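Given the structure is predicted, the values throughout are model-derived calculations rather than measurements.
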Amino acid sequence: MEFNNKLYELRKQKGFSQEELANRLNVSRQTVSKWEVGDSTPDMEKLVAMSDLFGISLDELVLDKSPEPAPVEQAPAKSELYSDIKKHVLTDDNKKKVRKGTKIALIVFGIILAIDAISFVVYVAVNGLPK
C-alpha cells in the first residue's frame, strides 16, 4: 500500500477528519488532503509525529512493512538458574580449586607478615625503638 493510501486508512481507523489530523500535526487541512491524494509528501518531522499519533513505526507508516513479532523467549525460573549454577559451577573439582587457592593465599599472607615482623625486629635492633 502506498503512503497516501496508508495515511487515509490510518486516519479513518482513528476516526479523525482531515481537519482533526491537520490540527494535531499543526498543518492545514489542504496539506493533509495533498498527502492523501499523493500530490505531496510530509517532511520527516511530520512523519515522526504521525507514527507517534498512530502508534506505528516509521517503517510501517512509510514502507508499509508489518511489525516483526518479537521473539518470545521464556526466562528460566530462579530455581532452574540456581540448579544450573550449582551443577556447572559448584562442582567438587571447583571446590577443591577454591580450597587450594585459599591455602596458597593464606601462605603468601603469612610469609609477608613474617617478613614484616622480621624487618621490624631488625630495624629495632639496628636503630632502637622509634620515639
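The side chain to side chain contact (heavy atoms under 4.5 Å, CB included) check on N4 picks up E2, with sequence neighbours excluded. For F54, the side chain to side chain contact (heavy atoms under 4.5 Å, CB included) criterion is met by L7, L10, K14, F16, L21, M50, I56, not counting sequence neighbours.
For the pair E20/R11, no side-chain contact is recorded, criterion being any heavy-atom separation below 4.5 Å from C-beta on.
Remark: side-chain polar atoms of E9 are not paired, donor with acceptor, to backbone N or O of K6 under 3.5 angstrom.
Sorted by first and then second residue, the side-chain hydrogen bond (donor to acceptor under 3.5 Å, both in side chains) pairs involving residues 22-31 (not counting sequence neighbours) are Q18-R29, S28-T31.
Hydrophobic clustering of Ile, Leu, Val, Met, Phe, Trp and Tyr side chains at less than 4.5 Å, counting indirect connections, keeps L53 apart from Y8. In the hydrophobic clustering of ILVMFWY residues, with side-chain heavy atoms under 4.5 Å counting as a link, L63 and L58 come out together.
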Open item on the list: side-chain hydrogen bond (donor to acceptor under 3.5 Å, both in side chains), that's the test. Do S33 and E36 meet it? Break it down for me.
Closed with: CA-CA 5 Å; S33 177; E36 287 186 356; over 6 Å; no
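The heavy-atom pair separating L61 from F3 by the smallest distance is O-CD1, 3.6 Å.
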Contacts under 3.5 angstrom, residues 40-48 side chains, donor-acceptor by atom type, not counting sequence neighbours:
| from | atom 1 | to | atom 2 | distance (Å) |
| --- | --- | --- | --- | --- |
| D43 | OD1 | E45 | N | 3.4 |
| D43 | OD1 | K46 | N | 2.9 |
| K46 | NZ | L25 | O | 2.7 |

Could you list the donor-acceptor pairs under 3.5 angstrom formed between side-chain atoms of residues 94-119 and any protein atom two or more places apart in sequence or on another chain?
| from | atom 1 | to | atom 2 | distance (Å) |
| --- | --- | --- | --- | --- |
| N94 | ND2 | V89 | O | 2.6 |
| T102 | OG1 | V98 | O | 2.8 |
| S119 | OG | I115 | O | 2.8 |

